[in-house]
There are 2 protein chains.
Amino acid sequence: MKSPKPNSQTNIQNDLLRRIHSGEWQPGALIPTEASLAKEIGCARTTVNRALQKLANDGHVVRKRRSGTRIALTPVRKATMEIPIVRDEIEGKGGAYKFLILLSERVKPPLWVQVRLGISKDEEMVHLHSLHISDSHPYMFEDRWVSIKAVPEITSAPFDKVSPNEWLVREVPYSGGENSFSVCTADETVANAMETTVGKAMFLVERSTWIYQTPITTLKMYYPEGFRLTTKL
Amino acid sequence: MKSPKPNSQTNIQNDLLRRIHSGEWQPGALIPTEASLAKEIGCARTTVNRALQKLANDGHVVRKRRSGTRIALTPVRKATMEIPIVRDEIEGKGGAYKFLILLSERVKPPLWVQVRLGISKDEEMVHLHSLHISDSHPYMFEDRWVSIKAVPEITSAPFDKVSPNEWLVREVPYSGGENSFSVCTADETVANAMETTVGKAMFLVERSTWIYQTPITTLKMYYPEGFRLTTKL
DNA sequence: CAGTGGTCTAGACCACCAG
DNA sequence: TGGTGGTCTAGACCACTGA
């Protein structure tokens, strides 16, 4: 008799979040069961279930069969970040995008690539160096290795028009991968491409992708100091 | 007549993913409606709906009312990363964790804090420098500003036993925030704390959190070169 | 073992928006 | 305006696991 629209998954979520954030339920506390919440709110258990699953997915609560749902001890532990295509990244900042292929060869992979992708040392791969340019200034240097076994078309891909980055994203589906972020210093190759000096600090993004068990590509992306990557919590 | 367990949301997801990855449906292609998929698979539409919503949430497909469900042009664009408490981070790597409070004062915030949090220049805040230590070696230096208005208890928090990091996470719920990652060079304060030299490249994580519209805290965390942050795609 | 969350069903109504 | 996804319901059975 109080609220005009007592239902809807989103309303339930917000209501539960409010009760969490207001301190009504302390971290670690057990909250009522789905059934009792449903009765209290006046909706189906399924609806409460969906709301709670979303809260659990966002890290606000921890759910266990038989033992119930608890407020998470360390709330909201997940950050999600978007992985844009470099061209969109640059054009989104208002720059004019160009790219250059600095190196394109077909060779056997070095040790770090073998290890990263779990590839045999005798399996030939395509090795590419590309420079991504924003308004005539070097924006990012990319050192990429592509499995010919997984992507035979790579050897005849038209990299005069579309960058390896975009070509792979558009043509080759992947089922999983890994990103890692760190700091490194520029070696001679990177320094030359990025028009900086050897030893200069760079922001390094490493990415590998797989299609199920088959490795596709691994790459290192070097951004200059000043590059910034942001995520929402 | 073929599969023993034709149903279940997960199976449907995997089946749809397989058809996407196999190239049966090209990026941008329209896939059958929920109703027809349900009929084809032999389950309720609700089940197909859940599976498709999850795929949409993961960025594999794009859904629009009336126009249908399409394969995403840029697949899997989201990465999620866990935000651990520093102590867990260190102990997870097998280190012994300690921390030191190097500075604790109550002052008005500098410009960057005012801007970041949208706080008045006259509102006093708690300013803390803490050093997080792994096996007697500096692991991370933290420069933190906390809003007294949002967290009055901060002025009497027992930071001899529990780090500001953990105290805030445990005592103060937050509803949203922002992380950003970049490269910076060590100034004198950071260099002294981290036992390195001025100008050395550091991995910088900046984080701000809010409880709804109220800013709680903002901080800069300085990690030495060699630190690495990993996310799954 | 019993109580919790996990999931499926069949049906219904609604919101949106391209035609 | 009709067809699409979005969501809710009431009920059912299952899977896990703590007491």
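Below, read A as the first sequence line, B as the second, and so on, with proteins coming before strands; counting in each chain starts at 1. Remember, it's a predicted structure, so these values are computed and weren't measured experimentally.
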Residue pair B:Ser134 / B:Gly95: nearest heavy atoms and the distance that separates them: OG-CA, 3.8 Å
Phosphate contact (C:dT7 OP1 or OP2) by B:Thr47 side-chain N/O below 4.0 Å: no
All side chain to side chain donor-acceptor pair (under 3.5 Å) counterparts of B:Glu166, not counting sequence neighbours: B:Arg87
By salt bridge (Lys or Arg N to Asp or Glu O under 4.0 Å) - contacts of A:Arg70 (at least two apart): none
ring-ring contact (aromatic ring centres under 6.0 Å, His included) partners of A:Phe203, counting only residues at least two apart: A:Phe227, B:Phe203
Under-4.0 Å side-chain N/O to phosphate OP1/OP2 contact, A:Gln53 with C:dG5: no
d(CD1, B:Ile41; P, C:dT9) in whole Å: 10 Å
B:Leu37 CG - D:dT4 C1' separation (whole Å): 13 Å
Atom pair distance, as rounded to whole Å: CG in A:Leu52 and P in D:dC8: 13 Å
Could you list all N or O pairs between the protein and nucleotides 10-12 of chain D that sit under 3.5 Å apart?
unit_1: D:dA10; atom_1: N6; unit_2: A:Thr46; atom_2: OG1; d: 3.2
unit_1: D:dA12; atom_1: N6; unit_2: A:Arg45; atom_2: NH2; d: 3.0

A:Lys54 NZ - D:dG6 P separation (whole Å): 11 Å
Residue pairs involving residues 141-152 of chain A (criterion salt bridge (charged side-chain N to carboxylate O under 4.0 Å, His left out); sequence neighbours excluded): A:Glu123-A:Lys149, A:Glu142-A:Arg144
Summary of ring pair (Phe, Tyr, Trp, His ring centres under 6.0 Å) pairs that have at least one residue in residues 79-100 of chain A, sequence neighbours excluded: A:Tyr97-A:His132
Would you mind writing out the side-chain donor-acceptor pairs for residues 27-44 of chain B within the sub-3.5 Å range, not counting sequence neighbours?
unit_1: B:Thr33; atom_1: OG1; unit_2: B:Ser36; atom_2: N; d: 3.3
unit_1: B:Thr33; atom_1: OG1; unit_2: B:Ser36; atom_2: OG; d: 2.9
unit_1: B:Glu34; atom_1: OE1; unit_2: B:Arg45; atom_2: NH1; d: 2.5
unit_1: B:Glu34; atom_1: OE1; unit_2: B:Asn49; atom_2: ND2; d: 3.4
unit_1: B:Glu34; atom_1: OE2; unit_2: B:Asn49; atom_2: ND2; d: 2.7
unit_1: B:Glu34; atom_1: OE2; unit_2: B:Arg63; atom_2: NH1; d: 3.2
unit_1: B:Glu34; atom_1: OE2; unit_2: B:Arg63; atom_2: NH2; d: 2.6
unit_1: B:Ser36; atom_1: OG; unit_2: B:Thr33; atom_2: N; d: 3.1
unit_1: B:Ser36; atom_1: OG; unit_2: B:Thr33; atom_2: O; d: 3.0
unit_1: B:Glu40; atom_1: OE2; unit_2: B:Arg19; atom_2: NH1; d: 3.1

Nearest listed nucleotide, side chain of A:Arg50, among D:dT7, D:dG5, C:dG5: D:dT7
Gap separating the CG atom of A:Leu229 from the CG atom of A:Asn179, nearest 0.5 angstrom: 8.5 Å
Whole angstrom value for the distance that separates C1' of C:dG6 from CG of A:Asn57: 14 Å
Under-4.0 Å side-chain N/O to phosphate OP1/OP2 contact, A:Arg63 with C:dG6: yes
Where do N or O atoms of nucleotides 17-19 of chain C meet protein N or O atoms at under 3.5 Å, pair by pair?
none

Nearest-angstrom distance from the residue atom CG of A:Asn49 to P of D:dT9: 12 Å
Distance, rounded to the nearest Å, where A:Ile12 contributes CD1 and D:dT7 contributes C1': 11 Å
Sequence neighbours excluded, every pair satisfying salt bridge (charged side-chain N to carboxylate O under 4.0 Å, His left out) that has a member inside residues 204-218 of chain B: A:Arg228-B:Glu206, B:Arg116-B:Glu206
